[in-house]
Each structure stands twice: as structure tokens, then as C-alpha cells.
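The figures that follow rest on heavy atoms only: side chains count, while hydrogens, waters and symmetry mates do not. Numbering of residues begins at 1 and proceeds along the displayed sequence.
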Amino acid sequence: MNFLSNTLAWRFRDEILSGLEVTLVISIASVIIGSILGLIIALMHMSHHKTIRAVAGTYVEILRGTPMIVQLEFVYFSLPLILGAILSVTGIHIQPNIATIPAGIIAVSINSSAYVSEAIRGGFNSVNIGQTEAARSLGLSQRTTMRFVVIPQALKNIWPALGNEFVALIKESSIVLIIGAPDIMYQINNMRATTFNGVTPLIIAAAIYFILTFSLSRIMKHFERKMKHD
């Protein structure tokens with residue numbers, strides 16, 4: 001017990017737990033919001049309307065072609081200015097601010113949605129069109145065909161890519177450190193500054209991220225195996 005109480009991780013346990021909570025909040029919220037946005041963008045990308053497809057394609061290319069750090073700083077620093085300018089046109093003169101954690105969730109969610117949408121689109125495109133035609137020829141409606149024929153098969157193909165994206169998202173969420181969001185890396189940096197120890201805090205951070213990503217990988221693979229056996 002004495003050894004444990006003398007370790008750096010134990011001395012800073014409250015800060016580490018606080019940072020872990022913020023990291024999990026940003027990651028989980030971004031997974032949920034990014035998946036919903038990704039599904040919408042994927043459906044827009046598969047639309048029969050050329051303009052809607054172009055909008056979805058532009059959205060994906062811009063987000064995949066720019067660094068997340070630029071997107072994060074745009075949300076945190078530039079978006080409030082743009083919102084303030086829009087409000088001033090309507091006669092409302094206030095300057096909105098976005099707190100660090102919501103800004104992190106918005107930026108990470110939007111970035112993730114571009115990759116999730118491509119994973120979803122790829123999964124739907126991987127289902128042989130002949131199966132859809134066969135289901136429709138048997139008298140199934142379009143909705144029933146999607147629900148019982150296309151989506152179950154597409155989900156099996158989408159799931160591994162989604163798993164990789166979710167694991168990557170936990171690691172990439174550490175970028176919110178640059179705007180001062182008090183996540184794990186923010187607390188680790190404070191620990192380094194307080195103790196002047198440049199090694200142990202980083203080992204602690206690496207251990208925490210490894211446990212999170214390894215656990216999530218195992219969970220995703222468990223459900224992947226279950227879907228293969230269904």
C-alpha cells in the first residue's frame with residue numbers, strides 16, 4: 001500500500017480520473033453524433049439527385065483533406081465569430097462562445113462523420129444488387145428489402161471499418177488538448193509541469209489509452225464474430 005501511495009499515478013489519481021472522464025465524454029458523444037451524421041451523409045452520397053451527391057462529396061473531401069487541428073481551431077476560434085456576425089445582421093449584438101469540451105465534441109464528431117459515411121457507403125455498395133432485385137421480384141417492398149436483405153449484410157461489412165474508426169477516434173480525441181479541454185493529455189501535461197518528470201506521466205497516458213483502445217477492440221471483435229455466425 002505504501003508503494004502504491006508513493007506512485008505518481010496514485011498521487012494524481014483525481015486529476016487522471018477527471019481527465020479520463022472528459023476523454024470518455026468527448027469520445028462517446030463524438031461516436032454517437034459522428035455515426036448519425038455519417039449515416040445522413042452516406043444516404044446523401046447515394047441519392048439520385050446530383051446536387052445532393054455533390055454536397056455530400058464536397059463535405060467528405062474537405063474534412064478528409066484538412067487536418068483535424070485546423071477543424072478544431074475553426075470550431076473553437078472562428079465559428080463563434082461567424083455566429084456573432086450572423087446574429088448582428090438580425091439585430092442581436094452578442095458574441096457567442098463555445099466552451100472547450102463542446103467545441104472538442106463538435107470538431108471530432110464532424111471529422112469522424114466523414115470517415116463513417118465512407119464506411120457506411122462502402123458497406124451498402126458491397127451488397128450485390130442482384131439480391132435487391134431478387135427481393136423486389138418476390139414482392140417485398142423497398143423498405144422491407146432494405147430492412148431484411150440489404151442492411152443486415154451491409155452491417156457485417158461496415159462493422160470492422162466502424163470499429164477501427166471508433167478506436168482511432170479515442171486516440172485522436174487527445175487533440176482537444178490544444179484548446180485547453182481538460183482531457184487525459186491535459187492532465188498529464190499538468191503532471192509533467194508540476195513534477196518535472198518527463199517520462200512517467202507519458203507512460204501513464206500510454207497505458208490508459210492502450211487499455212481503452214484494447215478493450216474497445218475486443219468488444220467490437222466480439223460483436224463482429226457474433227454477426228458472422230448469425
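- The two atoms that bring A119 and I158 nearest to each other are O-CG1, 3.6 Å, heavy atoms only.
- Side-chain contact between Y209 and M185: present, with at least one pair of heavy atoms (C-beta onward) separated by less than 4.5 Å.
- Put simply, OG on S88 and CG on L83 are 11.0 Å apart, with the number rounded to the nearest 0.5 Å.
- Note: the hydrophobic cluster containing Y76 does not contain I86 (ILVMFWY, side chain heavy atoms under 4.5 Å, direct or indirect links).
- A donor-acceptor pair is defined here as one N or O able to donate and one able to accept, closer than 3.5 Å; no such pair exists between the side chain of S18 and the backbone of D14.
- Under the 4.5 Å side-chain criterion, counting only non-hydrogen atoms from C-beta, L24 is not in contact with E21.
- For the pair F12 and P201, the minimum side-chain heavy-atom distance is 4.5 Å or more.
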Query - From CA spacing to verdict: side chain to side chain contact (heavy atoms under 4.5 Å, CB included), V176, T100 - result: CA-CA 8 Å; V176 298; T100 55; over 6 Å; no
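- The shortest heavy-atom contact between G38 and I120 is C-CD1, 4.0 Å.
- The distance from atom CZ of R121 to atom CG of N125, rounded to the nearest 0.5 Å, is 6.0 Å.
- Taking CD1 from I204 and OG1 from T7, the interatomic distance works out to 7.5 Å, rounded to the nearest 0.5 Å.
- With contacts defined as side-chain heavy-atom distances shorter than 4.5 Å, the pair T23/S173 qualifies.
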Query - Step-by-step side chain to side chain contact (heavy atoms under 4.5 Å, CB included) determination, I151 to F124 - result: CA-CA 7 Å; I151 291 178; F124 276 98; 4.0 Å; yes
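- Atoms NZ and CG, from K221 and L216 in turn, are 11.0 Å apart once rounded to the nearest 0.5 Å.
- Cation-pi geometry between R218 and F214 is met: under 6.0 angstrom from the ring centre, within 45 degrees of the axis.
- By the criterion of side-chain heavy atoms lying less than 4.5 angstrom apart, applied directly or through intervening Ile, Leu, Val, Met, Phe, Trp or Tyr residues, L63 is grouped together with I52 in one hydrophobic cluster.
- Residues P182 and I101 are in side-chain contact: their nearest non-hydrogen atoms beyond the backbone lie under 4.5 Å apart.
- Looking at T144 and S141, their side chains do bring a donor and an acceptor atom within 3.5 Å of each other.
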Query - Working for side chain to side chain donor-acceptor pair (under 3.5 Å), residues E73 and S78 - result: CA-CA 7 Å; E73 292 192 350; S78 303; over 6 Å; no
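- Side-chain contact between N197 and R192 is absent, with no heavy-atom pair separated by less than 4.5 Å.
- We find the CD-CG distance between E133 and L138 to be 12.0 Å, quoted to the nearest 0.5 Å.
- Side-chain atoms of S117 and Y59 form no donor-acceptor pair, as typed in the model, at a separation below 3.5 Å.
- Linking ILVMFWY residues whenever their side-chain heavy atoms come closer than 4.5 Å, directly or via other members, places L155 and L43 in the same cluster.
- Under the 4.5 Å side-chain contact rule for hydrophobic residues, I106 and I32 share a cluster.
- Side-chain atoms of Q71 do not come within 3.5 Å of backbone N or O of V108 as any donor-acceptor pair.
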Requested in this report: Assess whether side chain to side chain contact (heavy atoms under 4.5 Å, CB included) is satisfied between Q187 and D183, documenting all intermediate values.
Outcome: CA-CA 6 Å; Q187 302 294 354; D183 73 330; over 6 Å; no
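- Rounding to the nearest 0.5 Å places OG1 of T213 at 7.0 Å from CD1 of I170.
- There is a path of hydrophobic side-chain contacts, each under 4.5 Å, that joins V167 to I219.
- Of the possible polar contacts, one joining the R53 side chain to the S47 backbone as a donor-acceptor pair under 3.5 Å is found.
- Contact record, I105 with I33: CG2-CD1, 3.8 Å, taken as the closest heavy-atom pair.
- Applying the under-4.5 Å side-chain rule to Ile, Leu, Val, Met, Phe, Trp and Tyr, the cluster around Y115 consists of that residue alone.
- Across every non-hydrogen atom of F166 and S35, the tightest pair is CZ-OG, 3.6 Å.
- Counting all heavy atoms, side chain and backbone alike, A103 lies closest to L72 at O-CD1, 3.9 Å.
- Under a 3.5 Å cut-off, the side chain of W159 and the backbone N or O of F223 do not form any donor-acceptor pair.
- Between A9 and I16, the shortest heavy-atom distance links the atoms O-CD1, 3.7 Å.
- A heavy-atom distance below 4.5 Å is found between the side chains of E118 and R64.
- With a 4.5 Å cut-off on side-chain heavy atoms, L8 and M191 count as touching.
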